Amino acid sequence: MGGHFGHGHDVHDAAPVRGRALRLGIGGPVGSGKTALTAALCRALRDELDLAVVTNDIYTTEDADFLRREAVLSDDRITAVRTGACPHTAIRDDISANLDAVDALEARHPGLELVIIESGGDNLTALFSRGLADRQIFVLDVAGGDDVPRKGGLGVAAADLLVINKTDLAPFVGSDLDLMASDAARVRDGRPVVLNSLRTDPAATEIAHWVRAAVGAAHAAAS
Amino acid sequence: MDASLLLLADARLPAGAHAHSGGVEPAVTAGAITDVPTLLAFLHGRLTTSGLVTAALAAAANTHATHELGTRTPDATASNTIAAHTHSGCGRRAAANVAAGAGVGGGWEVLDGEADARTPSPAQRRASRAQGRSLLRAVRAAWPSPVLDALVPLGPHHPVVLGAATAVAGGGPREAASVAVFGTVSGGASAAVRLLGLDPLAVHAALAGLADVMDAVAAEAAGYAGRPWAELPAASAPVLDLDAERHARANLRLFES
Ligand SMILES: Nc1nc2c(ncn2[C@@H]2O[C@H](COP(=O)(O)OP(=O)(O)OP(=O)(O)O)[C@@H](O)[C@H]2O)c(=O)[nH]1
Ligand SMILES: [Mg+2]
């Protein structure tokens with residue numbers, strides 16, 4: 001058993017390394033707006049960053065198909081991964097299919113700066129492994145109930161950015177946005193929260209700004 | 001069995017197995033598996049056909065890897081690794097150079113070709129290589145070895161990687177065959193639990209009842225280790241092959257294969 005090759009040879013270090021794309025995980029419950037946000041980020045960032053997307057679909061290739069149909073990126077920059085009835089396993093416990101997808105995208109596009117990995121919709125405890133995502137966004141939906149941030153869970157508490165999405169629907173579903181924001185702040189230890197509506201701000205301005213800064217910081221740290 | 005080999009056999013090994021059903025989802029879709037008895041019949045059939053082939057390939061790969069581990073001096077190791085890295089664009093040839101002259105039937109690419117020849121369904125070949133690639137990443141992290149590094153450019157079939165990994169983790173051909181056989185059965189069984197909502201206690205009771213068959217298949221498979229690779233078993237299950245092809249074209253599916 002040779003010990004000649006330590007972990008220094010592993011290309012999957014969690015920390016951003018020189019010459020590899022920043023991997024941004026986007027997670028959250030079913031239907032909270034992960035694909036819509038991914039599409040918005042692609043449109044906002046594709047002219048300034050070399051980027052690609054991996055979707056984790058549960059039963060179909062619906063999300064990847066949507067992104068292709070919307071032509072947010074060329075087809076060869078969008079890859080779908082199948083998760084065997086367990087979306088959180090594919091982003092947390094056994095990330096190999098996602099790593100393979102990222103590897104293949106990086107091989108095809110050597111200058112890649114950002115890979116967005118959209119998780120399949122899942123429960124509040126689903127968090128991306130650090131072996132897969134360098135940074136992660138958790139997307140909640142105001143229509144899912146304004147008590148969700150108070151219920152906490154790893155996604156709400158520990159994601160690098162919490163997005164409370166579909167704020168345009170708050171008046172219709174009776175969700176209290178201030179309450180959601182303050183409950184979230186209480187468990188997030190100073191990590192940022194963005195209230196967002198892709199209906200009123202299709203460019204997801206604040207979130208795109210955060211992603212831009214994350215990519216910039218990672219590349220500055222690596223060089 | 002040693003702890004290293006138990007780690008290798010564990011379904012929690014992060015090697016991508018959770019996204020594959022070992023033919024169970026295609027069989028469920030086709031209506032062939034509906035309950036625990038039909039699952040058991042399916043697993044028995046698979047075990048004694050493609051399970052035997054897989055286990056024998058793993059045992060052969062194990063013997064070959066053990067030979068490789070023995071012949072590698074530190075110097076040879078260094079130059080082999082350079083070869084593997086610099087020739088990644090023409091993987092098969094690089095791997096052939098690395099393994100030249102070793103083993104019963106030639107280099108790794110020959111054994112990998114034997115696996116190809118015994119896997120008539122292109123969908124199953126793709127699934128096997130994808131799982132091989134994921135397994136290789138996991139075992140290289142857990143048990144770093146130049147023997148495993150040399151497999152990277154080839155991107156071999158799952159049983160080939162599994163056999164090599166078992167050797168690096170300290171097991172022989174019988175252990176390699178056992179781990180392969182166990183994987184064939186346990187992955188499919190857990191997929192059935194998820195797909196059909198079967199009682200997991202009843203499913204595990206059925207698996208326990210299958211243990212003697214698993215051991216017998218592993219023993220038979222291990223018997224091929226050290227024999228010429230062309231003589232490896234080639235038992236086939238055409239319905240599995242057809243179901244796998246249909247599955248790859250299906251719109252709605254939870255598992256990759
Ligand atoms: N009103 C409103 N609808 C939104 C907003 N963002 C997304 N949606 C809609 O919400 C629905 C679900 O959005 P998706 O982006 O598919 O959600 P998802 O999280 O990717 O869903 P899964 O991948 O199935 O878990 C779609 O119909 C979107 O158009 C928003 O800010 N406001
Ligand atoms: Mg989606």
Side-chain angles (χ1 to χ4, degrees), chain A residues 1-14 54-66 79-108 110 117 119-122 126 128-133, chain B residues 4 11-22 24-25 68-69 72-74 76-78 80-81 84-85 88-89 127 129-131 133-138 140-150 152 155 167-170 187 190-191 193-195 250-257:
Chain A
M1 291 219 230
H4 311 278
F5 307 95
H7 293 283
H9 277 257
D10 192 336
V11 295
H12 303 295
D13 291 336
V54 178
T55 63
N56 282 235
D57 283 305
I58 302 200
Y59 212 39
T60 58
T61 52
E62 195 84 25
D63 286 356
D65 296 344
F66 173 85
T79 302
V81 163
R82 213 169 293 276
T83 58
C86 246
H88 53 268
T89 303
I91 61 156
R92 185 184 59 199
D93 313 83
D94 185 349
I95 56 179
S96 39
N98 273 300
L99 288 178
D100 282 340
V102 173
D103 278 356
L105 286 167
E106 287 200 307
R108 216 179 296 148
I117 304 157
S119 157
D122 208 312
F128 279 85
S129 156
R130 291 163 193 277
L132 178 60
Chain B
S4 294
R12 283 163 292 192
L13 182 75
H18 73 98
H20 296 265
S21 76
V24 164
E25 188 177 28
E68 292 272 279
L69 284 166
R72 268 159 197 270
T73 63
T77 297
N80 284 343
T81 307
H85 281 277
S88 56
R129 287 193 187 281
Q131 287 181 271
R133 196 165 50 237
S134 295
L135 177 61
L136 191 53
R137 176 188 284 120
R140 285 174 73 221
W143 298 279
S145 163
V147 170
L148 297 176
D149 294 340
V152 173
V168 172
S190 92
V193 169
R194 293 190 210 164
L195 287 165
N251 247 335
L252 294 181
R253 55 193 172 115
L254 284 170
F255 292 88
E256 198 52 58
S257 73

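Every chain is numbered from 1, with letters handed out A, B, ... down the list of sequences. If you're wondering where the values come from, they're calculated on a predicted model, not measured in any experiment.
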- Is chain A contacted by the side chain of B:Ala130, its backbone, both, or neither, given a heavy-atom distance below 4.5 Å? backbone

- Checking B:Ala17 against chain A: side chain, backbone, both or neither under 4.5 Å from a heavy atom? backbone

- Query: Heavy-atom distance under 4.5 Å between the side chains of B:Phe255 and B:Leu195, does that happen here?
  - Reply: yes

- What distance separates B:Leu148 CG from B:Glu68 CD, expressed to the nearest 0.5 Å? 10.5 Å

- Distance in Å, B:Leu69 CG paired with B:Ser145 OG, rounded so as to fall on 0.5 Å steps: 5.0 Å

Taking distance alone, no hydrogens or angles, what donor-acceptor pairs closer than 3.5 Å link side-chain atoms of residues 79-93 of chain A to residues at least two apart or in another chain?
residue : atom : partner  : partner atom : Å
A:Arg82 : NH1  : B:Arg253 : O            : 3.3
A:His88 : ND1  : A:Asp122 : OD1          : 3.4
A:His88 : ND1  : A:Asp122 : OD2          : 2.8

- chain A contacts, top residue of B:Arg194, B:His18, B:Arg133 (heavy-atom pairs, under 4.5 Å): B:His18

